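Everything numeric here is computed off the predicted structure, so don't read it as measured data. Convention: sequence-line order gives letters A, B, ...; per-chain numbering from 1.
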2 protein chains.
Amino acid sequence: MDMTSKLTAAAERLFDRHGYMATGMDRLTQAAGMSSRTLYKHAGSKAELMARVLTERDRRFMARLEVRTVDALFAALEDWVRVEGARGCLFLRSRAETGGDTPEIAEAVAAHKTAFHQRVTEVVSADLGHDDPGLAEQVLVLFEGATHAAVYRGAEAVSAARAAAGILMERART
Amino acid sequence: MDMTSKLTAAAERLFDRHGYMATGMDRLTQAAGMSSRTLYKHAGSKAELMARVLTERDRRFMARLEVRTVDALFAALEDWVRVEGARGCLFLRSRAETGGDTPEIAEAVAAHKTAFHQRVTEVVSADLGHDDPGLAEQVLVLFEGATHAAVYRGAEAVSAARAAAGILMERART
DNA sequence: GGGAATGTAAAACGATCGTTTTACATTGCA
DNA sequence: TGCAATGTAAAACGATCGTTTTACATTCCC
């Protein structure tokens, strides 16, 4: 494992568990097991590092959402929560922590949320057989809600969202 | 307006718009229009101040949710978003920013989320005529989802959640 | 009329922030 | 054999962090 991946992985873990602002670079060098000189050679800056973390996470997350049905969308979220835990959406959290004032971060977040919205819309279309932007918006809201409610309600929030999405899809189908 | 309220109001505005960690006490003294000596007399500490902000916000927010129907719940959220804007849930954001490691903050968040869950459960019961914990969980997820999706989807997310909740309620009623 | 109480302004506290630099060791390739 | 690349360890950078302190002004009440 090269130093850049080791750094990105350590950064994602710390930023996600303790917050972006609350994580100092000292703690990061320690967790990544490298000197600060090496860290900055690969990271550029703290903001660039967070942007790289988000881009990498987008890749991993969106790969899991390569599905054909809305139900599979929520099944994928159940898997994600089981594996990664539920601490809310790292993208929205990063942007909120920086007040949207860090361009690299704001752009990475915007790119992810655009892609996410598009993916949900596509899956709803494929599952239904035709476009339905309003229903897609509802499914997106359920997904986002499951992500955030799971922080304090646990996995139950995701299965509730899954069931609700099932009802909405069934109603749209008939 | 006494100094404590002026301080709490200024703190809520800055913490919400720029983040808790990103907001320094210097900026806070400036915004509140008072010396740091006075600020600390009323605030105790930064963490205590954030906890007071959250408790105050819980009061304001929960007051708006004193309604009888699920539809009114989402109407109240539409109002809230129109007035206060959509930057995600300040409670979840505060806890995430501090990694849950600041007891005053973690406790204020837990208290709010417990109260919120209870309120949603009560409103669903009242609207339906009988208890339905599963449906309440779905409505809670829709509400949480609307709050967070509105950050990037705007008010449309809230009306989508409102419509979805209407469908789920109607189905449960018949 | 004299002391609490409450406020301001500003300096100072040690700690930590993100980042750069200095000095040196190790490796791999021409 | 020798140089370029890549790494470490550690000190230093100025800035800013949350918080306390010093010194002084104002107000209110007994």
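- Closest of all the heavy-atom pairs between B:Met3 and B:Met34 is O-CE, 3.6 Å.
- A salt bridge links A:Arg60 with A:Glu12; the closest basic N to acidic carboxylate O contact falls under 4.0 Å.
- A side-chain N or O of A:Asp2 and one of A:Ser5 form a donor-acceptor pair less than 3.5 Å apart.
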Which pairs of donor and acceptor atoms, one on a side chain in residues 138-151 of chain B, lie under 3.5 Å apart (sequence neighbours left out)?
residue  : atom : partner  : partner atom : Å
B:Glu144 : OE1  : A:Tyr152 : OH           : 2.3
B:Glu144 : OE1  : B:Lys113 : NZ           : 3.3
B:Glu144 : OE2  : B:Lys113 : NZ           : 3.3
B:Thr147 : OG1  : B:Phe143 : O            : 3.0
B:His148 : ND1  : B:Glu144 : O            : 2.9
B:His148 : NE2  : B:Cys89  : N            : 3.4

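- By the 6.0 Å and 45° rule, B:Lys46 stacks over the aromatic ring of B:Tyr20.
- Of the residues in residues 94-107 of chain A, not one comes within less than 4.0 Å of DNA chain C through any heavy atom.
- Residue order along DNA chain C, read from the 5' end via each residue's closest nucleotide, puts A:Asp26 first among A:Asp26 and A:Gly44.
- B:Leu7 and B:Ala43 get closest at one heavy-atom pair: CD2-CB, 3.9 Å.
- Across all strands shown, A:Thr23 has heavy atoms under 4.0 Å from sugar-phosphate atoms exclusively, and none from any base.
- In the displayed structure, A:Arg119 atom CZ is contacted under 6.0 Å by more than 12 heavy atoms of other residues, nucleotides or ligands.
- A:Gln30 CD: 12 or fewer foreign heavy atoms inside a 6.0 Å radius.
- Protein atom NZ of B:Lys46 is 8 Å distant from nucleotide atom C1' of D:dC17, rounded to whole Å.
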Footprint string (nucleotides 4-11 of chain C, 5' to 3'): B base within contact, S backbone only, - free, heavy atoms under 4.0 Å: ---SBBB-

